[in-house]
Protein chains: 2
Amino acid sequence: MSAALSELEKEVIDIFVRIAGVLSLPRSVGELYGLLYISPKPLCIDDCMRKLKISKGSTSQGLKILRSFGAVNTVYVPGDRKDFFEAEAQLRKIVAGFVNEQVRPHLDNGKARMAHIDQLIAAEEGEHREFYASRMERLKGWQKRAGSLLPFALNFIKPE
Amino acid sequence: MSAALSELEKEVIDIFVRIAGVLSLPRSVGELYGLLYISPKPLCIDDCMRKLKISKGSTSQGLKILRSFGAVNTVYVPGDRKDFFEAEAQLRKIVAGFVNEQVRPHLDNGKARMAHIDQLIAAEEGEHREFYASRMERLKGWQKRAGSLLPFALNFIKPE
DNA sequence: GCCATCGTTCATTATTTTTTGAACAATCTG
DNA sequence: CAGATTGTTCAAAAAATAATGAACGATGGC
């Protein structure tokens, strides 16, 4: 039950560790999700710790992060005091949660920042003002496209 | 000429530093691109060093990374031995370069890994084989969608 | 060919990020 | 309520990542 990781588990976990890297999430978060993703039944914190050989702190913290964007759900197991966890398998939910929690704040911040830059350029006196303005226009174009790509991508990932 | 950064420069650089963070690139790489992006004329390594107050090593290394996916181009300046650099402003080129250099390798690796997992599951004897297989199917579905989203996104960013 | 200038490399140093584990708070059990 | 059991928090340690700068090689001018 609390044996070492099987070859299969190791490989699956490895995939999610890489994905975590891309998303700038700690390695342990990827490990936890991978373990739960391939687990036929919900696991408790202690199971995770033992199988992944990571500390209780990392486990608790990692599961907290995963819950924060809905990648992991808690499961009630009758007759057990412990919390049990299982991986959310609906990609759409996870992506939506991740975007809302970790991406949107940045995008919003970016917009405010752009507005400030516009002001700076308006106040600019030097010979390069036109150039600056054109660069900013271009930057706004980028932002706009990225922004409109996002909802599209979300829609692309159809409700499973 | 080698004065401190203007408010405008600082703000623009800040934007690209954030973007660098999202892409898991070093801060200095974001700084360099931002500086060049808002610079009306090409800059040499020494200009970059002085304005950003970063070391020669970081500057050289950072520009190398930026060139590797076409975010920065070298410019020939007659009568000067130094190399000069300017930001590539065509988003399409940069994204394409970045995807080819930094993203594709991972995707390819992922595919190989999946194939290996399929083998492991085929060899599986235990009662959970069906479950494992269904999880892998789901994972492949994700991979496929992500894969088909990519070319679409590239196309979405039209040739400026 | 020799000296000066320029860019790169890479071992070391600094910084940032992640993990650890012990202390704590909360909750159940009898 | 006392004693366990469970999960969380957070200061300290460890690990990973990035920056530095001196040494080096390459190139051009004289």
Side-chain angles (χ1 to χ4, degrees), chain A residues 1-2 13-14 16-36 42-68 72-86 102 106, chain B residues 1-2 5 13-14 16-36 42-68 71-86 102 106:
Chain A
M1 172 60 232
S2 74
I13 288 168
D14 191 280
F16 287 104
V17 165
R18 282 158 197 272
I19 294 176
V22 171
L23 302 178
S24 299
L25 293 171
R27 173 189 189 82
S28 63
V29 169
E31 292 177 318
L32 283 163
Y33 185 80
L35 177 63
L36 291 173
L43 302 179
C44 67
I45 288 195
D46 220 50
D47 295 332
C48 295
M49 282 181 63
R50 284 203 312 272
K51 291 211 104 176
L52 297 174
K53 301 216 186 80
I54 62 181
S55 70
K56 193 151 64 133
S58 283
T59 309
S60 173
Q61 188 57 29
L63 288 170
K64 185 180 181 180
I65 291 172
L66 286 166
R67 268 173 296 160
S68 80
V72 151
N73 298 124
T74 54
V75 184
Y76 172 65
V77 172
D80 203 320
R81 244 179 90 187
K82 295 200 273 293
D83 296 345
F84 282 80
F85 303 89
E86 70 182 5
Q102 324 263 325
H106 288 278
Chain B
M1 172 59 232
S2 74
L5 291 170
I13 288 168
D14 192 280
F16 287 105
V17 165
R18 282 158 197 271
I19 294 176
V22 172
L23 302 177
S24 298
L25 292 171
R27 171 189 189 83
S28 62
V29 168
E31 292 177 319
L32 284 164
Y33 185 81
L35 177 64
L36 292 173
L43 302 179
C44 67
I45 288 195
D46 220 50
D47 294 332
C48 296
M49 281 181 64
R50 284 202 311 272
K51 292 212 103 176
L52 297 174
K53 301 217 184 80
I54 61 180
S55 71
K56 192 148 67 128
S58 284
T59 309
S60 173
Q61 188 56 30
L63 289 170
K64 185 179 180 180
I65 290 171
L66 286 166
R67 269 174 295 161
S68 80
V72 150
N73 298 123
T74 54
V75 183
Y76 172 65
V77 172
D80 202 320
R81 245 180 89 187
K82 295 200 273 297
D83 296 345
F84 282 78
F85 302 90
E86 68 182 6
Q102 323 265 324
H106 289 276

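Proteins come first, then strands; the chains are lettered A, B, ... in the order of their sequence lines, and each starts at number 1.
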Grab the [atom1]-[atom2] distance between [X] and [N] for me, whole Å please.
X: A:Tyr76; N: C:dC28; atom1: OH; atom2: C1'; value: 12 Å
X: B:Arg50; N: C:dC6; atom1: CZ; atom2: P; value: 11 Å
X: B:Glu31; N: D:dA18; atom1: CD; atom2: C1'; value: 11 Å
X: B:Ile54; N: C:dG7; atom1: CD1; atom2: C1'; value: 14 Å
X: A:Lys53; N: C:dT19; atom1: NZ; atom2: P; value: 16 Å
X: B:Met49; N: C:dT5; atom1: CE; atom2: P; value: 16 Å
X: A:Arg27; N: C:dT20; atom1: CZ; atom2: P; value: 11 Å
X: B:Leu32; N: C:dG7; atom1: CG; atom2: P; value: 13 Å

Between protein and nucleic acid, restricted to nucleotides 5-10 of chain D and to nitrogen or oxygen atoms under 3.5 Å apart, what atom pairs and distances do you find?
{"residue": "D:dT5", "atom": "O2", "partner": "A:Arg81", "partner atom": "NH2", "Å": "2.5"}
{"residue": "D:dG7", "atom": "OP1", "partner": "A:Asp83", "partner atom": "N", "Å": "2.8"}
{"residue": "D:dG7", "atom": "N7", "partner": "A:Lys56", "partner atom": "NZ", "Å": "3.1"}
{"residue": "D:dG7", "atom": "O6", "partner": "A:Lys56", "partner atom": "NZ", "Å": "3.4"}
{"residue": "D:dT8", "atom": "OP2", "partner": "A:Ser60", "partner atom": "OG", "Å": "2.7"}
{"residue": "D:dT9", "atom": "OP2", "partner": "A:Lys64", "partner atom": "NZ", "Å": "3.0"}

Among all residues two or more places apart in sequence or in another chain, which pass the salt bridge (Lys or Arg N to Asp or Glu O under 4.0 Å) test with A:Asp46?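 A:Asp46 satisfies salt bridge (Lys or Arg N to Asp or Glu O under 4.0 Å) with A:Arg50 once adjacent residues are dropped.
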Would you find more than 12 non-hydrogen atoms of other residues, nucleotides or ligands less than 6.0 Å from A:Arg67 atom CZ?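 Check passes, neighbour count above 12.
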Scan A:Thr59 against the nucleic acid and name what it touches under 4.0 Å (heavy atoms): base, sugar-phosphate only, or nothing.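 Nothing, no heavy atom under 4.0 Å.
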Nearest 0.5 Å, please: how far is CZ in A:Arg27 from CD1 in A:Ile13? 10.0 Å
Minimum heavy-atom distance [X]-[Y], with the two atoms named:
X: B:Ser55; Y: B:Ser58; answer: OG-N, 3.1 Å
X: A:Val29; Y: A:Gly62; answer: CG2-CA, 4.0 Å
X: A:Gln102; Y: A:Ser68; answer: NE2-OG, 4.3 Å

